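Below is one structure; the comments refer to it alone.
In this text, all values refer to a predicted model and were calculated from it rather than measured experimentally.
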Amino acid sequence: MKEKTYVSDVDRSVYDIKDEESDAYRIQTGLDASIVEQISKEKNDPVWMQQFRLEALKIYNEMDIPNWGPDISELNMDDIATYVRPNTKMSAKWLDVPKDIKDTFERLGIPQAERESLAGVGAQYDSELVYHNVREEVTAQGVVYTDFESALKGKYADMVKSHFMKLVKPTDHKFAALHGAVWSGGSFVYVPPGIRVEIPLQSYFRLNAPGAGQFEHTLIIVDEGADLHFIEGCSAPKYNVANLHAGCVELFVGKNARLRYSTIENWSKNMYNLNTKRAIVEEGGIMEWISGSFGSHVSYLYPMTILKGNKSQMEFTGITFAGKGQNLDTGAKVVHGGKRTSSYINTKSISKDGGIGTFRSSVVVGPNAKNTKSSVSCESLMLDEKSRSDTIPAMDIRTCYADVGHEAKIGRISDDAVFYLMSRGISEEDARAMIVSGFADNVSKELPLEYAVEMNNLIQLEMKGSIG
């Protein structure tokens, strides 16, 4: 009989285990001024933050939903609870975290990763951080890694206020405004001048509550000459109602500093992932993005880098896997402002079983960004005739003194390549596995696989065969 082969979806069994709801507080669904004020009251915000939230809500109500990307018309904010507080307070001791929440993170490999490979870990469950810990040797360097609420009210309050939503403004788009109104949780990191954090910090975001949203805010400031690798992981179990993720990441990279920001997300297929990430880089600074997008029903995700300083650099490396019922619209944006800046965008996408993968890139070179170099490369692999892949590059070049290039490849697994490998004694199943593995290799090897079992599970594209 003829052998049939396929590439399986990412194994989600460990992520789809649901915990029984035992929330301490769940706000009513919907979105209006009274709900925003209640969130602010629950979080004991300073006055300026309460006013900021209400102004962001006003902007949200005045803006339209984007009409150029995947359809999100079935997302109804009247059905979303924007704040769910778990039945625990944040702890610096893993033993003090409630057993049900602790079991969830144990399954995902977070404590193991902390013990073996991480300088510090923050774990968020629904709308609040439940665990946060940093190694003493990192704290001794003067590095600050704490939950966002503590930073908002503590000794770094002025620094938080001067940076909060200055890169991503509520006026940028409707879901940035939504985030400004209802944000909760997240992390704050400050690395002092000249400090090199030798091993990574990690935040992990788990959304367990059905029909809820998660709106964490991450703010990282890497001062002059400093160096940091930060890892972000996300997951949620699958429900038959929509969930929403509209977090925000703001990254400030100082003069001659370097920041690598790695994201591994495996949201469930009922999730609308409408996240916004942005970095600004000063003179001689380096911004590196590593992105693995494997989950969600719909994604809008385009990390943006502003190369403000002369000789600043950006590199974006991404891989996306879109399976059945997924429409993942991802990519990257870069704005060249300084002279002799450089950027490199390299992405791979795989789609199967009717999944849709769309790559968007935007390269803007300003009139003063002379002697700039930018290269964009995107490759897409469709594993069947039901899947779809699109490439939508945009380039806006305002100076003659720039070297800018774009390359795109879209195709299917070559029957000739499979035949060639089979003629060398390799089974069809193994041949297809080798092709897919080779396609993704130069991107997947950049992902921080060694830090958690969870991350290994995400990118293993298992090839299986059946007879029939």
Side-chain angles (χ1 to χ4, degrees), residues 23 25-45 49-50 52-61 63 65 72 75-86 90 122-130 147-152 160 164-165 167-188 203-220 232-236 242-250 263 265 267-268 270-278 296 298-301:
D23 309 319
Y25 177 78
R26 180 183 176 115
I27 205 163
Q28 67 188 81
T29 58
L31 183 64
D32 57 27
S34 65
I35 288 175
V36 171
E37 288 175 343
Q38 184 62 29
I39 293 174
S40 189
K41 180 181 178 181
E42 289 289 329
K43 304 188 73 59
N44 194 26
D45 281 339
M49 181 58 76
Q50 182 184 30
F52 186 99
R53 289 182 185 275
L54 292 172
E55 181 60 30
L57 176 64
K58 181 180 177 183
I59 295 169
Y60 170 83
N61 288 328
M63 299 185 80
I65 291 176
I72 55 174
L75 174 62
N76 187 349
M77 287 305 300
D78 289 340
D79 298 329
I80 298 292
T82 51
Y83 180 71
V84 179
R85 187 172 67 241
M90 191 183 69
Q124 180 161 330
Y125 194 86
D126 292 334
S127 296
E128 297 288 353
L129 263 75
V130 296
D147 65 291
F148 199 83
E149 278 87 350
S150 295
L152 178 65
V160 171
F164 178 77
M165 295 203 80
L167 271 183
V168 179
K169 299 179 184 297
T171 52
D172 282 3
H173 56 81
K174 191 173 183 70
F175 292 98
L178 173 64
H179 175 88
V182 300
W183 74 269
S184 181
S187 298
F188 172 75
S203 283
Y204 196 94
F205 302 102
R206 174 73 173 178
L207 182 57
N208 180 69
Q214 193 172 61
F215 308 94
E216 81 285 347
H217 194 92
T218 300
L219 173 59
I220 300 178
E232 172 189 74
C234 327
S235 71
N243 277 27
L244 171 62
H245 178 244
C248 179
V249 175
E250 297 184 288
T263 301
E265 67 92 346
W267 296 117
S268 56
N270 60 301
M271 177 71 76
Y272 289 83
N273 184 29
L274 310 176
N275 212 7
T276 306
K277 301 180 179 183
R278 193 164 298 167
S296 76
V298 171
S299 279
Y300 282 63
L301 183 59

As an exercise, state the distance from [atom1] of [X] to [atom2] of [Y], rounded to the nearest 0.5 Å.
| X | Y | atom1 | atom2 | result |
| --- | --- | --- | --- | --- |
| Ser296 | Asn270 | OG | CG | 10.0 Å |
| Asn243 | Tyr272 | CG | OH | 11.0 Å |
| Met271 | Gln214 | CE | CD | 7.0 Å |
| Asp45 | Ile39 | CG | CD1 | 9.5 Å |
| Asn273 | Ile72 | CG | CD1 | 11.5 Å |
| Phe188 | Thr218 | CZ | OG1 | 12.0 Å |

So [Y] and [X], do their side chains get closer than 4.5 Å, heavy atoms only?
| X | Y | result |
| --- | --- | --- |
| Met77 | Leu244 | yes |
| Asp172 | Thr276 | no |
| Ile35 | Leu57 | no |
| Ile65 | Leu75 | no |

_So does Leu167 get a backbone contact from the side chain of Glu250, meaning a donor-acceptor N/O pair under 3.5 Å?_
yes
*Do Gln28 side-chain atoms and Ala81 backbone N/O form a donor-acceptor pair below 3.5 Å?*
no
On a heavy-atom basis, which atom in [X] and which in [Y] lie closest, and how many Å separate them?
| X | Y | result |
| --- | --- | --- |
| Val249 | Val168 | O-CG2, 4.3 Å |
| Ser184 | Lys43 | OG-NZ, 3.0 Å |
| Leu219 | Val160 | CD2-CA, 4.2 Å |
| Asn275 | His245 | ND2-CE1, 3.4 Å |
| Val36 | Arg53 | CG1-CB, 3.5 Å |
| Ala33 | Leu54 | O-CD2, 4.1 Å |

*Under the salt bridge (charged side-chain N to carboxylate O under 4.0 Å, His left out) rule, what pairs show up with a residue in residues 32-41, not counting sequence neighbours?*
none
_Run Tyr300 and Phe175 through ring-ring contact (aromatic ring centres under 6.0 Å, His included) and show every step you take._
CA-CA 10 Å; Tyr300 282 63; Phe175 292 98; 7.6 Å; no
*Decide side-chain contact (heavy atoms from CB on, under 4.5 Å) for Thr263 and Leu301; before the verdict, give the C-alpha distance in whole Å, the side-chain angles of both, and the deciding distance to 0.1 Å.*
CA-CA 11 Å; Thr263 301; Leu301 183 59; 5.8 Å; no
*So which of Phe164, Tyr83, Phe215, Phe52 actually passes ring-ring contact (aromatic ring centres under 6.0 Å, His included) with Trp183?*
Phe164
*Quick one: which of Lys174, Met165, His173 gives a side chain to side chain contact (heavy atoms under 4.5 Å, CB included) with His179?*
Met165
